[in-house]
Amino acid sequence: MKMTVLGWLLVPAVAFLGCTERDLDYRAAGGRVEIVPAWKDLSRPSSAGYRFYGEDDRPAPGDAVFSDASVDTFSVVLPVGRYRCLAYNTDAQGVSFTDLDNRSLAEVRLSSDAQPGNVYSWSVDEVEVSSRGDVRYAPVPLRLVKRIVLRFRGSGVEGATALNGTLNGVYPALFLLSGAPSEQSIRTAPETVARYAAALVQAKPPGDPSYTASADIRLFGLLNPQKSAGAETVYDSRLHLSVHNSAGKVYSTTVNMNKPISEIIDSYGGEIPIDKTVEIDVSVNLLDMDLEAVVQGWTEGNGEIVII
């Protein structure tokens, strides 16, 4: 009887030792990697995807893809070796992620002409994993979505209630690693549009047919319509605009945006700024049943309008 009891006591002890030995063997063959993105003043998303690659930017062997990970702290044990990491938030609306099997070619792409949600990417170029080692990285996420605000001031449309339209020249995709557009994205930008809409606010006093509206456009970036100041036009940047009134009538027009868009891009070193909001002031008037719209100027944030 005593031998039987002793035998039962030894079984879990042996099993525990076996599990511990396997765990130690697995840990000896790899090390722990911890990644803590430095979100700081950025709007924090809810979930992330992590991918590890070899030094050739191709997928690392084994299980090196992790989805629905935490955006605060990510920890994983990897085999000994050198890796490169690419991560991005997986909760962004209106986008898809493509070519993820190649770190340098992985892209975020518009999945429709709807405006994208917040998209971030972060990366680590050199991940060194040693036996039973622990490494920690704190990359700063890269914001990939920019913002332009259209400020409308109009008159002449009785009962105006809303406006909507499109702006072309939008990049349809960006590389996750660099935030730059590919050659294909640049080629297709002139035909790619961003949609916008806004409610019209009646000016005071009541009965005055003037109105104001503000529309946000969230995008990956805009292609410069002109190669340089005064140079030939690469493509025609057009703001398509429709004003709706309470009687169901719709008045439409098109605004030439070549000059203001080119000036804005040139003013910020060749790109729409990621950390500033550019506002474009547009006047809209109905004259003899024809809707006319003209860009009056642009500004950064709530600053002084730049007359063009």
Side-chain angles (χ1 to χ4, degrees), residues 33-76 78 82-127 137-147 169-189 192 194 217-223 268-275:
V33 177
E34 183 180 26
I35 299 178
V36 184
W39 292 104
K40 217 172 181 181
D41 299 327
L42 298 175
S43 178
R44 190 169 310 200
S46 61
S47 60
Y50 280 83
R51 288 175 174 260
F52 288 87
Y53 302 80
E55 293 183 282
D56 59 354
D57 280 345
R58 305 300 296 181
D63 187 9
V65 177
F66 307 89
S67 57
D68 294 324
S70 169
V71 299
D72 295 316
T73 301
F74 173 76
S75 180
V76 63
L78 293 176
R82 293 182 178 180
Y83 302 87
R84 293 174 177 175
C85 175
L86 177 64
Y88 51 91
N89 62 304
T90 56
D91 61 342
Q93 300 296 313
V95 300
S96 60
F97 299 96
T98 61
D99 296 320
L100 294 172
D101 285 341
N102 189 316
R103 181 174 180 261
S104 59
L105 298 180
E107 286 185 311
V108 56
R109 181 172 295 275
L110 297 174
S111 56
S112 69
D113 55 9
Q115 297 183 23
N118 287 333
V119 182
Y120 302 94
S121 68
W122 55 103
S123 61
V124 181
D125 290 336
E126 295 183 4
V127 178
Y137 302 95
V140 178
L142 175 66
R143 290 171 56 186
L144 299 178
V145 175
K146 303 169 184 179
R147 180 171 172 254
V170 175
Y171 292 134
L174 295 177
F175 288 126
L176 283 171
L177 188 60
S178 65
S182 66
E183 289 298 326
Q184 181 183 3
S185 184
I186 293 172
R187 286 195 301 269
T188 56
T192 306
I217 298 183
R218 297 167 55 82
L219 36 71
F220 289 147
L222 285 170
L223 179 64
Y268 292 99
E271 295 182 357
I272 297 293
I274 192 68
D275 56 347

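Both backbone and side-chain heavy atoms feed into the values below; hydrogens, waters and symmetry mates do not. Along the sequence shown, residues carry numbers from 1.
The side chain to side chain contact (heavy atoms under 4.5 Å, CB included) with L223 is formed by just one residue from the set T192, I186, V170; it is I186.
Inter-residue side-chain proximity for R109 and V95 is flagged as unmet; no heavy-atom pair is nearer than 4.5 Å. Contact check for L219 versus V145: no side-chain heavy atoms found under the 4.5 Å cut-off. Taking 4.5 Å as the limit, some side-chain heavy atom of I35 sits within range of a side-chain heavy atom of P139. The shortest side-chain heavy-atom distance between W122 and Y50 falls under the 4.5 Å cut-off. Annotation: side chain of R51 is in contact with side chain of D101 (closest heavy-atom distance under 4.5 Å). Here the side chains of Y88 and V108 are not in contact, with every heavy-atom distance at 4.5 Å or above. Between P116 and L110, some side-chain heavy-atom pair lies under the 4.5 Å cut-off. No side-chain heavy atom of V124 sits less than 4.5 Å from a side-chain heavy atom of L86.
Judged as a ring pair (Phe, Tyr, Trp, His ring centres under 6.0 Å), and not counting sequence neighbours, F220 has no contacts. Residues meeting the ring pair (Phe, Tyr, Trp, His ring centres under 6.0 Å) test with Y268, sequence neighbours left out: none.
Remark: the S46 side chain and the D91 side chain contain an N/O donor-acceptor pair separated by less than 3.5 Å. Using modelled atom types and a 3.5 Å distance limit, the side chains of R143 and N118 yield no donor-acceptor pair. Looking at S111 and S96, their side chains never bring a donor and an acceptor atom within 3.5 Å of each other.
Other residues, nucleotides and ligands contribute over 12 non-hydrogen atoms within 6.0 Å of the CD atom of E34. At most 12 heavy atoms of other shown residues, nucleotides or ligands fall within 6.0 angstrom of atom CD in E271. By the neighbour-count criterion of 12 heavy atoms within 6.0 Å, atom CZ of R82 is sparsely surrounded, having that number or fewer from other residues, nucleotides or ligands.
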Legend entry - Steps toward salt bridge (Lys or Arg N to Asp or Glu O under 4.0 Å) verdict (R103, D125): CA-CA 10 Å; R103 181 174 180 261; D125 290 336; 2.7 Å; yes

Inset, instruction - Any chance you could lay out the side-chain contact (heavy atoms from CB on, under 4.5 Å) test for F175 and L105, step after step, and finish with the verdict? - result: CA-CA 6 Å; F175 288 126; L105 298 180; 4.2 Å; yes

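Y53 has its ring centre no less than 6.0 Å from the ring centre of Y83.
Sorted by first then second residue, the side-chain hydrogen bond (donor to acceptor under 3.5 Å, both in side chains) pairs that include residues 178-189, not counting sequence neighbours, are E107-S182.
Contact detail for L144 and L174: the closest heavy-atom pair is O-CD1, 3.6 Å. Shown here for V127 and V33, the closest heavy-atom pair between the two residues is CG1-CG2, 3.9 Å. Across all their heavy atoms, A194 and I217 have their closest contact at CB-CG2, 3.8 Å. Counting all heavy atoms, side chain and backbone alike, A38 lies closest to P141 at O-CD, 3.4 Å. When every heavy atom of G49 is checked against every heavy atom of T90, the shortest pair comes out as N-CG2, 3.5 Å. Nearest approach of L100 to F97, heavy atoms of both residues: CD1-CB, 4.0 Å.
Between R84 and D57 there is a salt bridge, since at least one side-chain N of the basic residue sits less than 4.0 Å from a carboxylate O of the acidic one. D275 and K146 are not joined by a salt bridge, as no carboxylate oxygen comes within less than 4.0 angstrom of a charged side-chain nitrogen.
Relative orientation of the Y120 and W39 rings is perpendicular, given thresholds of 30° and 60° on the angle between their planes.
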